[in-house]
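Naming: A, B, ... by sequence-line order, numbering from 1 per chain. Heavy-atom basis, side chains included; hydrogens, waters and symmetry copies ignored.
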Amino acid sequence: MQYTTRMVITRFAPSPTGGLHIGSVRTILFNWLYAKHCNGKFMLRIEDTDIERSKQEHVQDIYDTLNWLGLKWDGDVVFQLKNIKRHQEVAQKLLSEGKAYKCYCTQEELAAMRELSVKEGRTPGYERKCRDLKQELDKPYVIRLKCPITGKTEFTDLIQGHCCIDNEHLDDMILLRSDGTPTYMLAVVVDDHDMGITNVIRASEHLNNTYRQKQIYDACGWTTPEFAHVSLIHSEDGAKLSKRNGATTISEYEKMGFLKEAILNYLIHLGWNKSEEEILTIDQCIKLFDIRHVRSSPARFSMPKLLNINSIYMRAMSNEDLCLALQNFAGSDKYDHAGWERVLAGMSELKSRTRTLAELETMSAIYGNDGTYFGKIEADEATKNLFKNIIEENNWPDDIESLTAWLNEKIASHGKTLKEVAPAIRMALTKEKVAPSIFELFKVLGSKIVAKRLASSIA
RNA sequence: GUCCCCAUCGUCUAGCGGUCAGGACGCCGCCCUUUCACGGCGGCAACACGGGUUCGAUUCCCGUUGGGGAUGCCA
């Protein structure tokens, strides 16, 4: 048990080799929430040691995404590449202490051994050929950790519980490559230790690495942080969420018109639920969050659920805020000033019918545009006369109640019922079979535009 | 192949030895209603299987099956 008063420090450590995966966002969220819950810190470390694949644009993308989501990191960003000297020092120290050794085996030899192991049904791995070499050779070498051969390596994972492996299944891992650069395994451990990370919360694909990393901590004589391995997100067909079976990066969801609050709320409930309430504010999440109650099994991504959560957030927004969000999303030059005024006026009815900003953008066109492009409709003489009559009028009642009464009276005076003419009116006004109520349409569009559209529909 | 992890309605989950196994999404029905939504009410639907432990297992242990992950001088 730890009774230290050490401040909790978590971290997110991505390699900048692509867009941020939605699963990574969940990992970030858990790290961030745990840190906030404990009054600790959340740090960002860019693992840019893979020089071939690391790109500055992806680093920027990580910054942008974290900022967009409001999951701000504490302190300066750490770049792993800058710590290479330190990694090498640690490896050399282990070497001088006899806890590591030089291995001269070539990659070809290793590959052949691996193949043989699999063929013979053994756990594949390096078979410690150079471990007890007496003299140094004049050949390129890697530095390997002298791992325990017998016994077990175990730790308690905050999410997965007790994790254990027989050491015979682990081989002597490489610490320093033949070109002298550190491997991921070494770099992560050294950096996490140097940054004072107390809780490593990461994807469960790293669970197997953790046994190895534990051995490095032990060899260095360092305290291991607490680990928490978050399960992966699967797609709706049950396989690992990949580009082939769904949207993977967070920016794709942004482009589909999802609100960041909805994405966050959705992701946090993928594996965690501690409240009767489904919709929680970020402050409530901070208060309630406990990494120990995150489920250890993988969860499937559900688009219908995300759409539902998003629609709840959209409806909860004020019309003004939503209108602003829509302008941000669609571009404020999409409609002219008057057009945006109408969109705002009709927003209440618009938002109850749409689930994303993209859907809202599409439906907002019925108010935003003032054109008469809605085209001809089929209508009988009485309906046409009704339209003509409405077109001639220009002094409608202002409030929706009087307007309703006024319009109903007009319809009745032409020997029609609302039920009979409503579809035609809606089609003439919106070109859609589905839209807000026609009274609402009249009110928001105003007499001029209604007249224009009705006229063009019977022209 | 070998190793590691996981297993409650279709999906996300609550449960932490005794519950009519609760909620949410989706689905179905009804109400509201000029359409479609929103909203309201109701319904269908789950403890993977087999052994133990126990007075009693969804819950604890062991198998089986199924799913996922790892098996790099990538991270």
Mind checking if [X] touches a base, just sugar-phosphate, or nothing, with heavy atoms under 4.0 Å?
X: A:His206; value: base
X: A:Asn209; value: base
X: A:Cys105; value: base

Given atom [atom1] of [X] and atom [atom2] of [N], what is their separation to the nearest angstrom?
X: A:Ile279; N: B:A24; atom1: CD1; atom2: C1'; result: 10 Å
X: A:Asn167; N: B:C4; atom1: CG; atom2: P; result: 12 Å
X: A:Ile233; N: B:G69; atom1: CD1; atom2: P; result: 14 Å
X: A:Arg355; N: B:C25; atom1: CZ; atom2: P; result: 13 Å
X: A:Glu108; N: B:C73; atom1: CD; atom2: P; result: 11 Å
X: A:His169; N: B:C5; atom1: NE2; atom2: P; result: 11 Å
X: A:Tyr184; N: B:G72; atom1: OH; atom2: C1'; result: 14 Å
X: A:Lys55; N: B:A75; atom1: NZ; atom2: C1'; result: 15 Å

Watson-Crick or G-U wobble partner for [N], using a 3.5 Å limit on both distances?
N: B:A45; answer: none
N: B:U35; answer: none
N: B:A7; answer: B:U65
N: B:C55; answer: B:G18
N: B:G1; answer: B:U71
N: B:C30; answer: B:G40

So, taking the atom named CZ in A:Arg144 and the one named CG in A:Leu175, what distance separates them when rounded to the nearest 0.5 Å?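 If we round to the nearest 0.5 Å, A:Arg144:CZ and A:Leu175:CG are 10.0 Å apart.
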Answer yes or no: is there an ion pair linking [X] with [Y], defined by an N-O contact shorter than 4.0 Å?
X: A:Lys55; Y: A:Asp61; value: no
X: A:Glu349; Y: A:Arg353; value: yes
X: A:Glu278; Y: A:Lys305; value: yes
X: A:Lys416; Y: A:Asp380; value: yes
X: A:Lys274; Y: A:Asp290; value: no

Counting primed atoms, P, OP1 and OP2 as sugar-phosphate and everything else as base, the B/S/- map of nucleotides 6-16 of chain B against protein heavy atoms under 4.0 Å is SSB--SSSSS-
Under a 4.0 Å heavy-atom criterion, the protein footprint on nucleotides 33-40 of chain B, written with B, S and -, is -BBBBSS-
Looking only at side-chain atoms of [X], point me to the closest of [options].
X: A:Pro124; options: B:C4, B:U71, B:G26; value: B:U71
X: A:Pro304; options: B:C25, B:C73, B:A75; value: B:C25
X: A:Val118; options: B:G1, B:C5, B:A75; value: B:G1

Say we look at [N] and [M]: how far apart would their [atom1] atoms be, to the nearest angstrom?
N: B:G22; M: B:G43; atom1: P; answer: 11 Å
N: B:A46; M: B:U11; atom1: P; answer: 12 Å
N: B:G23; M: B:A14; atom1: P; answer: 15 Å
N: B:G50; M: B:C55; atom1: C1'; answer: 23 Å
N: B:C60; M: B:G18; atom1: P; answer: 12 Å
N: B:U8; M: B:G15; atom1: C1'; answer: 9 Å
N: B:C20; M: B:U58; atom1: C1'; answer: 15 Å
N: B:A48; M: B:A7; atom1: C1'; answer: 8 Å

**OP:** Take A:Arg212 and A:Thr49, find for each the nucleotide of RNA chain B with the closest heavy atom, and name the residue whose nucleotide sits nearer the 5' end.
**Re:**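 Looking at the nearest nucleotide for each, A:Arg212 comes out on the 5' side.
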| said: Heavy-atom nearest nucleotide on RNA chain B for A:Leu207 versus A:Val142: which residue maps closer to 5'? | reply: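 Its nucleotide being nearer the 5' end, the pick is A:Leu207.
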Cation-aromatic face contact A:Lys214/A:Phe155, 6.0 Å, 45 degrees
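Because its charged atom misses either the 6.0 Å distance or the 45° angle limit, A:Lys214 does not stack over A:Phe155.
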For [X] and [Y], indicate whether the former's side chain and the latter's backbone hold a donor-acceptor pair under 3.5 Å.
X: A:Asp399; Y: A:Ser402; result: yes
X: A:Asp179; Y: A:Thr181; result: yes
X: A:Asn310; Y: A:Arg355; result: yes

Under a 3.5 Å cutoff, is there a donor and acceptor pairing between the side chains of A:Ser204 and A:Gln160?
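No, A:Gln160 and A:Ser204 have no side-chain donor paired with an acceptor closer than 3.5 Å.
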Q | Non-neighbouring partners of A:Asp171 that pass salt bridge (Lys or Arg N to Asp or Glu O under 4.0 Å), sequence neighbours left out | A |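 Salt bridge (Lys or Arg N to Asp or Glu O under 4.0 Å) check on A:Asp171 returns A:Arg212.
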Worksheet entry | Phosphate OP1/OP2 of B:C73: any A:Ser178 side-chain N/O under 4.0 Å |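 Checking A:Ser178 against B:C73: no side-chain N or O falls below 4.0 Å of OP1 or OP2.
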